[in-house]
Structures are given as structure tokens and as C-alpha cells.
Peer 1: 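To start, I am sharing the structure in question, which I have written as C-alpha cells.
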There are 2 protein chains.
Amino acid sequence: MSIESQVVSPARFSAQIRSHALQTRIMDLILEQGLDVGDALPTESELAAVLGVGRNTVRESLKVLQALGVIEIRHGFGMFVAPNNFSALTDGLAFRGRLSLRHRGEEAMELIDVRQALESGLIGSAIDLMTEEQLGDLRGTMELMEAAAQAGKPLAELDAEFHRKLYAPLNNELLINLMDVFWKVYRQIHRALGSGPVDLGEQARVHWEIYQAVADKDKTLASERLQRHFDGIRLKLKDVAAR
Amino acid sequence: MSIESQVVSPARFSAQIRSHALQTRIMDLILEQGLDVGDALPTESELAAVLGVGRNTVRESLKVLQALGVIEIRHGFGMFVAPNNFSALTDGLAFRGRLSLRHRGEEAMELIDVRQALESGLIGSAIDLMTEEQLGDLRGTMELMEAAAQAGKPLAELDAEFHRKLYAPLNNELLINLMDVFWKVYRQIHRALGSGPVDLGEQARVHWEIYQAVADKDKTLASERLQRHFDGIRLKLKDVAAR
DNA sequence: AATGAGACATTGGACATCCCATCTCCTGTA
DNA sequence: TACAGGAGATGGGATGTCCAATGTCTCATT
């Protein structure tokens with residue numbers, strides 16, 4: 001089959017290939033048996049028997065699949081095909097980001113660049129597709145953010161929610177997940193560095209401006225303000241990275 | 001420490017939390033010890049001792065970190081901090097894509113949407129930053145593609161290379177990696193479904209048109225042609241999914 | 001002195017076994 | 001009917017043993 005088709009290099013990584021092959025076999029098994037999200041997998045012991053490997057070995061692969069968001073493991077109950085879950089990317093990316101910050105923080109910047117491109121590039125379509133209800137929802141989040149800012153509470157979660165709702169009209173879960181990952185990674189890096197002073201009022205104001213442009217259906221302005229929003233984030237990150 | 005700070009839910013996922021915490025501890029250990037890409041980690045046994053868990057348990061976490069592209073494991077030699085590696089996302093996403101194709105192929109479509117947004121949104125900046133040399137490089141790839149098309153050879157790899165080189169000027173590794181992942185996932189899904197007939201000449205022609213717009217520094221046209229390129233891909237995918 | 005074969009230590013890979021922790025579900029009791 | 005608690009199943013984890021791959025070092029050969 002296609003399991004062994006991805007030859008990477010002579011035999012230097014044969015172990016990795018075997019291990020990866022086992023993961024692939026489990027995923028193929030899921031697909032072949034027609035299992036869907038929420039369905040239960042065979043038990044660890046059964047899998048070990050079926051795949052002809054030891055239970056510990058199969059467990060290593062299962063843990064990987066869990067980390068990749070493919071399966072969900074519930075102690076004492078069983079294993080199940082997982083719903084979409086991008087936490088894997090978060091951890092991996094956050095690690096790379098923190099690692100890079102010890103140099104010149106390039107990867108963290110790249111992350112912002114990608115997010116900026118995605119968001120400012122897609123805001124047009126989002127505005128086109130946004131319903132009145134969704135707009136109202138967005139405004140609700142803004143009002144919560146305003147209240148939080150005045151109360152001196154952190155805006156992080158509301159910030160994420162704002163961006164999530166901004167692109168909800170596109171009805172693209174992958175996109176939402178990706179943006180969520182980027183946001184979390186940024187937060188994690190920021191937290192690891194020890195955030196500098198934050199101006200809550202300013203933060204809320206920037207989002208209000210974006211909201212206004214969206215409410216006015218002014219795609220160009222919205223895109224432009226999003227660009228500036230990310231420019232600001234980039235500057236702040238550069239500040240913090242400079243220590 | 002911050003290890004136990006991420007409480008998710010009562011105790012239903014306590015095992016996952018512990019497991020995730022162990023991974024985090026290992027990553028933190030890498031960062032705290034100032035290890036950089038290529039540096040060696042302690043041996044499995046040492047890690048197990050330091051972290052106060054069994055070797056099997058540590059191994060499960062290490063395998064996860066390997067899958068996430070954080071470390072590289074070399075049988076008989078040791079474990080090392082890995083260079084950027086996004087293969088993890090590929091596997092996870094490809095699985096989800098294939099799973100979704102059994103329904104209406106939504107996730108595969110979402111993938112195309114994101115890629116379309118990213119590429120057509122960033123082509124402008126790429127054109128701005130592209131040097132003569134990079135443009136020549138791009139043309140070289142196109143000529144190879146043309147030759148391959150006339151020889152009836154598959155264009156897949158050259159297709160990927162074209163898109164990679166298109167955005168090389170942005171100097172954003174994360175972006176390149178992401179696009180690479182999307183491309184691989186698309187390929188994998190396509191292969192899993194059994195590709196229909198492909199018109200190599202048409203495929204090459206589309207890319208020539210994009211190249212021409214880029215060479216002419218016509219951002220609008222390039223963006224438009226990229227859009228259409230992806231529209232084509234989307235249609236083809238819909239065809240195949242319909243079986 | 002240069003080279004190559006082979007022994008050796010180290011390290012990860014795999015497995016078997018044993019026991020613990022947690023969950024769900026069923027049963028019995030109030 | 002509601003609730004408490006136990007039974008059984010399942011994953012979590014530790015330990016020990018052996019296998020396999022790798023790099024290095026030694027030593028004989030040239």
C-alpha cells in the first residue's frame with residue numbers, strides 16, 4: 001500500500017518511518033471501518049493485537065494521534081474519533097515561536113504576517129456575507145470589551161472572540177481554527193516574555209474602529225484598519241522582544 | 001509553576017492534562033536549558049529520572065513532540081531539537097480532510113478557501129518584493145513544468161515548487177510551510193479519492209498565465225488569475241467527491 | 001602513516017507483565 | 001423513582017528485559 005511510499009532518506013530515519021506507518025495504519029483503519037466523529041475505536045489491547053505490535057507501542061502512536069487531534073482518549077472509557085481540534089498546532093508553533101525569540105523573533109513576526117494577510121485579505125468576503133444578526137453579535141462582543149476595558153480587566157479572550165466572530169460569516173471552520181491557533185500562540189509567546197504595559201482603552205478603540213468600518217460595509221477601510229491593527233501588534237512584539 | 005495552570009475541565013480529562021503537562025515540561029526544559037536547534041536532549045532514561053516518571057511515559061510524550069516537529073529522534077544516537085517541521089499538520093489535516101469527504105467534503109473545500117485567500121491576498125506583496133533573479137527562477141520552474149506537461153509526466157511536484165517560489169520573496173518560512181501543508185493535504189486527499197483525468201496542458205497554461213501577470217508586475221491580474229486557478233481546483237475536487 | 005574491519009558502549013525501539021486510576025453502567029436499596 | 005455503590009472494562013503508568021541502530025574506538029593490515 002502507500003504506507004511505505006514516503007521514503008525520506010536512506011535508513012537514517014527508518015524508526016520514524018515505522019512509527020509514522022503505524023499511525024497511518026490506525027488512521028486508515030478508522031477510515032476503512034467507516035468510523036465517524038464520535039465513534040469508538042477498538043481498545044488498546046485489540047488494536048495491539050490487530051496491528052501485531054505491543055500495547056506500549058500502539059499507545060505511543062495513539063498518543064500522537066491524540067496530539068494531532070485525530071482521536072480523543074478518555075481514561076477508563078475508550079478512544080473516539082475526535083471532532084476538529086487544532087491544539088496540536090498551537091503547541092508546536094508556540095514552541096517554535098519562543099525558540100525563535102531567543103534570536104531575533106523572526107518566527108513570531110512571520111506569524112503576525114500570516115495572520116495579517118489572512119484577516120485583511122478575507123475581511124471583504126466576510127463583510128459581504130455578514131448578516132444583521134452576526135453584526136449585532138459582533139457589536140455585543142465590542143460592548144463587552146468596552147466594559148472590560150473600563151473595568152481594567154484583560155481583554156485577551158474578548159479580543160479572540162471579536163476576531164472569531166468577524167470571520168464567522170465565511171463559515172469556514174478551518175480558518176477559524178487557524179486564526180485561533182495564531183492568536184493562542186501569540187498570547188503564549190507574549191506571556192512567556194512577560195507582557196509590557198497594556199493600554200486597554202487604546203486596544204478597545206482600535207477594535208471599535210474596525211467594527212465601525214465593518215458596520216459601514218466599507219471593505220477598503222476595514223482592511224486598512226485591520227492592517228494597522230496588526231502593525232500595532234507587530235510593534236508591541238518588537239518592543240517586548242528587545243527586552 | 002505554570003504547568004498546572006491550564007485547567008480545562010473538572011477531572012474528565014485529567015489524564016490528558018497530565019500528559020500534556022509532561023510535554024510542556026519537556027519543552028520548558030529545552031527552553032530553560034538554552035538548547036537550540038540541533039542541540040541534544042538528555043537521554044530517555046535521564047529525562048525519565050529528572051521528570052520523575054517512567055521511561056515509557058516519557059517516551060509517549062517524546063513521540064508526541066517528535067510528531068509536533070519539536071524534536072528529532074535518532075535511533076541509537078539521541079534526541080535533538082528539530083528544525084522547523086510541519087509534517088504534523090499535514091497528517092492531522094489530511095485525516096480530517098479525508099474524513100470530511102465522506103460527507104460533503106466541506107473541510108477539503110475550506111482548505112482550498114484558506115489557501116486561495118492566502119495566496120491571492122499575498123501575491124501583491126510578493127510581486128513588490130520579487131527580484132529579477134527570483135523571477136528568473138520562477139520562469140525556470142515554469143519551463144520545467146511545460147516540458148513535463150508535454151512529456152506527459154505528472155506536474156504535482158513542479159506545481160508545488162511554483163507556488164513556493166511565488167512567495168519566496170516574502171521571506172516568511174511559516175507561510176511557505178503552511179502553503180506546503182495545504183498543498184500536501186490536497187494531494188493526499190486527491191490521491192485517496194483516485195484522481196480523475198487530468199489535462200496537463202491546461203494545468204501548465206494556467207500557471208503560465210499567472211507567471212505572465214507576475215512578470216508584468218500586474219498585481220490585480222495576478223490576484224485574479226490565482227483566484228481563478230483555485231476556482232478550478234475547487235471544481236475538480238467537487239467533481240471527484242461526487243464520484 | 002593511512003585505512004578499513006570489527007568490537008564495544010550508548011541510546012532508542014519494542015514488548016510483556018503487573019498494578020493503579022478512572023470511567024460507565026447496572027444493580028440494589030431506600 | 002432516585003440515589004448510592006459496586007462490578008467490570010478500559011486507559012494510565014512503572015519496571016524489567018531484550019533487540020536494533022549508531023557512533024566511536026581499537027587494532028590489524030597495508
Side-chain angles (χ1 to χ4, degrees), chain A residues 3-4 7-26 29-30 35 38-82, chain B residues 3-4 7-26 29-30 35 38-82:
Chain A
I3 291 179
E4 292 296 343
V7 176
V8 181
S9 87
R12 190 169 185 128
F13 300 105
S14 60
Q16 295 184 36
I17 292 177
R18 242 179 322 185
S19 158
H20 184 265
L22 187 54
Q23 295 159 26
T24 304
R25 283 176 67 192
I26 296 174
L29 189 143
I30 293 174
L35 300 183
D39 291 345
L41 272 70
T43 67
E44 291 184 349
S45 312
E46 282 171 350
L47 270 180
V50 169
L51 300 174
V53 296
R55 185 175 159 222
N56 271 326
T57 309
V58 109
R59 266 176 67 78
E60 286 173 4
S61 285
L62 289 170
K63 283 298 192 76
V64 169
L65 292 184
Q66 179 188 36
L68 295 183
V70 171
I71 65 173
E72 180 183 328
I73 304 180
R74 291 172 61 180
H75 190 176
F77 193 35
M79 303 180 293
F80 307 84
V81 179
Chain B
I3 291 177
E4 293 297 341
V7 176
V8 180
S9 92
R12 188 169 186 130
F13 300 105
S14 60
Q16 294 183 36
I17 292 176
R18 246 184 325 211
S19 169
H20 185 265
L22 187 54
Q23 295 159 26
T24 305
R25 284 176 67 193
I26 296 175
L29 189 143
I30 292 174
L35 300 183
D39 291 344
L41 272 71
T43 66
E44 290 185 349
S45 312
E46 282 172 351
L47 272 180
V50 169
L51 300 173
V53 297
R55 191 178 154 217
N56 267 327
T57 310
V58 160
R59 268 178 66 79
E60 285 172 4
S61 285
L62 289 170
K63 283 299 192 78
V64 169
L65 293 184
Q66 178 188 39
L68 295 183
V70 170
I71 66 174
E72 178 183 328
I73 304 180
R74 290 172 58 182
H75 189 177
F77 195 34
M79 302 179 294
F80 307 85
V81 179

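Every chain is numbered from 1 and lettered A, B, ... according to where its sequence line falls, protein lines coming before strand lines.
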Peer 1: Taking protein heavy atoms under 4.0 Å as touching, what does nucleotides 8-18 of chain D look like 5' to 3' if B marks base contact, S marks sugar-phosphate-only contact and - marks none?
Peer 2: -BBBBBBB-B-
Peer 1: Stepwise, does the side chain to side chain contact (heavy atoms under 4.5 Å, CB included) test hold for B:Met79 with B:Gln66?
Peer 2: CA-CA 9 Å; B:Met79 302 179 294; B:Gln66 178 188 39; over 6 Å; no
Peer 1: Determine, stepwise, if the pair B:Leu62 / B:Ile71 fulfils side chain to side chain contact (heavy atoms under 4.5 Å, CB included).
Peer 2: CA-CA 8 Å; B:Leu62 289 170; B:Ile71 66 174; 3.7 Å; yes
Peer 1: Give the intermediate values and the outcome of side chain to side chain contact (heavy atoms under 4.5 Å, CB included) for residues B:Gln23 and B:His20.
Peer 2: CA-CA 5 Å; B:Gln23 295 159 26; B:His20 185 265; 4.1 Å; yes
Peer 1: State, with a plain yes or no, whether a side-chain heavy atom of A:His75 is found less than 4.5 Å away from one of B:Gln16.
Peer 2: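 Sidechains of B:Gln16 and A:His75: no contact.
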Peer 1: Which residue, B:Val64, B:Leu47, B:Leu51, forms the side-chain contact (heavy atoms from CB on, under 4.5 Å) with B:Leu22?
Peer 2: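 For B:Leu22, the side-chain contact (heavy atoms from CB on, under 4.5 Å) check succeeds only for B:Leu51.
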